[in-house]
Number of protein chains: 4
Amino acid sequence: MSAEPSPRRGRGRRPAAEVRSEVLAAAGHLLLTEGIHAVTFERIARESGASKTTLYKWWPSSGALAAEAFFTRSEPQLEFPDTGDLRADLIAQLTSFVALLTDGGAGKLISELIGAAQTDPDLAEAWSRTYALPRRELARERLQAAQRSGQLGADADLDIIIDQLWGACYHRLLVLRTPLKDLDVERLVTCALRGAQ
Amino acid sequence: MSAEPSPRRGRGRRPAAEVRSEVLAAAGHLLLTEGIHAVTFERIARESGASKTTLYKWWPSSGALAAEAFFTRSEPQLEFPDTGDLRADLIAQLTSFVALLTDGGAGKLISELIGAAQTDPDLAEAWSRTYALPRRELARERLQAAQRSGQLGADADLDIIIDQLWGACYHRLLVLRTPLKDLDVERLVTCALRGAQ
Amino acid sequence: MSAEPSPRRGRGRRPAAEVRSEVLAAAGHLLLTEGIHAVTFERIARESGASKTTLYKWWPSSGALAAEAFFTRSEPQLEFPDTGDLRADLIAQLTSFVALLTDGGAGKLISELIGAAQTDPDLAEAWSRTYALPRRELARERLQAAQRSGQLGADADLDIIIDQLWGACYHRLLVLRTPLKDLDVERLVTCALRGAQ
Amino acid sequence: MSAEPSPRRGRGRRPAAEVRSEVLAAAGHLLLTEGIHAVTFERIARESGASKTTLYKWWPSSGALAAEAFFTRSEPQLEFPDTGDLRADLIAQLTSFVALLTDGGAGKLISELIGAAQTDPDLAEAWSRTYALPRRELARERLQAAQRSGQLGADADLDIIIDQLWGACYHRLLVLRTPLKDLDVERLVTCALRGAQ
DNA sequence: ATCTAATCGAGACGGTACGTCTCGTCTTATG
DNA sequence: CATAAGACGAGACGTACCGTCTCGATTAGAT
């Protein structure tokens with residue numbers, strides 16, 4: 001009995017789950033080591049042992065595959081803890097987000113993924129559904145809780161707060177391409193909350 | 001006096017200016033009608049009459065060519081008028097920016113360009129140098145004038161204001177991909193200025 | 001049962017045999033009408049409907065492709081009949097060879113192919129294997145039969161006879177580039193046989 | 001007064017002779033070190049310091065330039081000494097010819113030149129005029145002298161003798177591409193002279 | 001000795017082929 | 001029948017050379 005899970009048994013059929021995991025592993029490895037331009041159906045097929053036919057059957061575009069590989073690798077933290085102190089919670093969230101983009105080295109990955117999403121509808125859909133929109137929803141729920149507790153005015157525009165906070169980060173990451181570490185997160189949160197009335 | 005500027009005299013050399021303008025015209029047309037993925041050296045050469053050699057000599061990447069074609073077509077408005085009323089000026093600027101991204105149809109173009117810039121350093125450089133950084137500088141100057149006139153506190157963080165205002169727009173355009181027309185520009189400006197103290 | 005062998009069904013795969021025959025037909029046509037310099041992978045792909053990828057997969061160089069197209073077109077006569085009269089057989093062979101080079105119009109083709117073979121190892125190999133060496137072997141066998149029947153001395157150097165006879169033709173064709181029709185084949189054979197002892 | 005003949009004085013005009021010799025030197029060097037495919041107008045211009053304009057003005061094709069460079073480098077021995085012994089003289093000539101083609105390393109050069117001549121009329125003309133036809137004429141004169149001295153029959157076909165002797169060598173060099181060192185020159189000459197009556 | 005006309009270098013230009021890569025579709029053979 | 005293997009048409013990549021051309025710098029020959 002072989003310890004090797006996939007002895008590469010030629011042509012025939014293999015369990016779907018096994019194929020999927022090997023495909024995602026190969027795609028993730030390519031994404032991390034060479035960037036999104038290396039994530040092509042061609043190379044993933046070559047390096048995962050799967051056939052192109054299979055890849056085209058399961059993923060609508062190589063970008064969508066890259067996105068799924070990214071989420072499989074680094075399950076993004078989607079919790080938004082509520083310590084009761086809104087300002088502290090926002091600062092904690094944004095600080096860890098900025099840290100992810102800078103220190104974690106995920107900055108390049110995320111900007112490449114968002115960049116590719118601008119011309120790949122399937123990647124865009126996967127990104128919005130799996131990451132961007134859920135994250136905004138969590139933030140919105142935290143802000144709504146703050147409204148209920150009176151830390152935030154009842155008529156504050158929650159979407160504007162979210163756009164201001166995260167948009168400021170993305171602005172530097174994607175548009176200006178200036179270093180994110182210069183961003184003063186505490187002051188940013190202070191301004192946003194003060195402005196929200 | 002010859003009315004015909006370019007009688008296409010076969011092989012030899014043509015004036016550089018003439019070639020450049022035809023190349024940029026072809027690239028701009030491709031960019032507008034088919035999107036950035038149609039802007040390849042191959043097609044630009046075919047449709048402009050220029051040779052690939054020439055294109056490679058003058059532009060470092062097809063993305064950089066697309067950027068230059070974009071700026072040549074729609075000379076982006078880089079003025080930032082000062083009427084004395086900061087809030088009105090910011091609203092005017094952001095409103096016309098949002099209108100450009102939505103009604104003008106430039107939204108898709110700009111998001112594709114920024115998207116491609118994430119993996120094309122030459123395009124990124126052209127975009128930052130020609131558009132993003134000058135625009136931020138103009139905004140910063142307007143805010144500094146407001147500080148001098150007392151409409152804005154002397155210790156306000158100008159970069160944060162800019163990141164909040166424009167970042168909010170880009171956040172919806174690039175990351176959330178939600179409709180920009182839902183963005184309440186007046187309220188956004190109000191929040192940002194109030195928050196800046 | 002479909003009567004139409006090739007309805008050009010777009011992108012996917014086509015039977016290899018069909019592709020091969022169309023490629024060789026296109027290459028042969030180019031070779032005959034425009035010479036060996038027109039036989040490029042680029043043009044063959046364009047005019048046969050095959051893709052360059054396919055051509056590079058099957059043929060090591062455009063010269064090798066040209067050689068195969070040549071042999072497919074004009075299956076060269078490689079028989080060497082034995083009527084019992086060596087002198088008559090050699091004269092018949094050389095006469096038809098010279099006729100092929102002059103009247104047949106194949107002279108230019110063959111000289112171009114041999115010419116290109118001097119810098120294209122793959123073409124050289126194809127030419128030697130398919131044509132030159134088999135032809136020499138047939139001639140050698142005919143001469144050996146003549147040795148057994150006593151028409152040729154047992155210690156005659158067969159390779160020298162062959163080099164003298166065919167070499168004389170190629171000398172005029174390739175090196176001197178003088179008209180081949182001035183060559184007196186009967187006298188050439190007479191001299192060679194008399195000289196061979 | 002400078003001892004250096006060509007201090008590369010920028011753009012303007014240079015003495016024709018100086019340019020010519022540098023061009024031929026560069027072409028010869030390319031021909032010897034990289035083969036005839038490296039002899040392009042482009043590279044010769046780059047490496048000789050001459051401009052393409054100048055090259056196109058003086059040489060009809062790159063092949064013709066290669067031929068002239070070849071003849072300039074290795075002034076081919078065109079003498080055909082007459083010691084009074086025809087057989088010895090022919091053996092001497094052919095032996096040195098075969099040695100040139102094999103040991104001298106000129107075999108590859110000469111076969112490449114003759115090969116290129118099959119599709120380059122200018123190279124063919126230069127080759128015939130400068131080398132092939134004069135050489136044949138010298139051989140013919142030597143054979144005529146042999147006829148006068150009675151060593152060769154008066155009605156021998158001199159062209160056939162020449163075609164047989166040199167053609168045998170070229171046959172192996174160009175057509176069969178088999179090693180020339182296996183050729184028994186003495187026996188070849190014996191056969192040719194005996195056959196010539 | 002001065003001017004003028006020819007000639008050179010440098011290299012841009014449109015064209016074409018190279019050999020490689022990825023794409024998305026398709027066929028075949030294996031299990 | 002789902003899979004692996006991979007052939008196929010399409011077309012972009014970046015490079016090399018072709019032959020034609022403009023341009024400015026230089027020199028040689030005529031004044």
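Numbers restart at 1 for each chain; the letters A, B, ... are given by sequence-line order, proteins then strands.
R177(B) has no carboxylate O lying under 4.0 Å from a charged side-chain N of E125(A), or vice versa, which leaves the two without a salt bridge. Salt-bridge check for E112(D) with K108(D): passed, with a basic side-chain N closer than 4.0 Å to an acidic carboxylate O. Between R20(A) and E68(A) there is a salt bridge, since at least one side-chain N of the basic residue sits less than 4.0 Å from a carboxylate O of the acidic one.
No side-chain heavy atom of W59(A) sits less than 4.5 Å from a side-chain heavy atom of L123(A). Annotation: side chain of L65(C) is in contact with side chain of F41(C) (closest heavy-atom distance under 4.5 Å).
Atoms CG (L30(B)) and C1' (dA12(F)) sit 14 Å apart, rounded to a whole Å. As a whole-Å value, the separation of R20(B) CZ from dA12(E) P is 13 Å. The CG-P distance, from L55(C) to dT20(E), rounds to 13 Å in whole Å. Nucleotide dC21(E) holds its P atom 17 Å from the NE2 atom of H37(A), rounded to whole Å. Rounding to whole angstrom units, CH2 of residue W59(A) and C1' of dC23(E) are separated by 18 Å. dG19(E) atom P lies 10 Å from atom CG of D122(C), rounded to whole Å. As rounded to whole Å, 14 Å separates atom C1' of dC18(F) from atom CG of D120(D). Atom CD1 of I44(D) and atom P of dG9(E) are 13 Å apart (whole Å).
Comparing A50(B) and S51(D) along DNA chain E, the residue whose closest nucleotide (by nearest heavy atom) sits nearer the 5' end is S51(D). Taking for each of T54(B) and F41(C) the nucleotide of DNA chain E with the nearest heavy atom, the 5'-most of the two is the partner of T54(B). If you find the closest nucleotide of DNA chain F to P60(B) and to A17(C), the one lying nearer the 5' end belongs to A17(C). A residue-by-residue look at K52(C) and T53(B) shows that K52(C) has its nearest nucleotide of DNA chain F further toward the 5' end.
Phosphate proximity of dG6(F) to K57(C): absent, as no side-chain N or O sits under 4.0 Å from OP1 or OP2. The shortest distance between the side-chain N/O atoms of R46(C) and the OP1/OP2 oxygens of dA17(E) is below 4.0 Å. Proximity of S62(D) to the phosphate of dC17(F): no side-chain N or O atom is located under 4.0 Å from OP1 or OP2. Considering only side-chain N and O atoms, W58(C) lies nowhere under 4.0 angstrom from the phosphate OP1 or OP2 of dA7(F).
If you check dG19(F), dA17(E), dG14(F) against the side chain of Y56(B), the one that comes closest is dG14(F).
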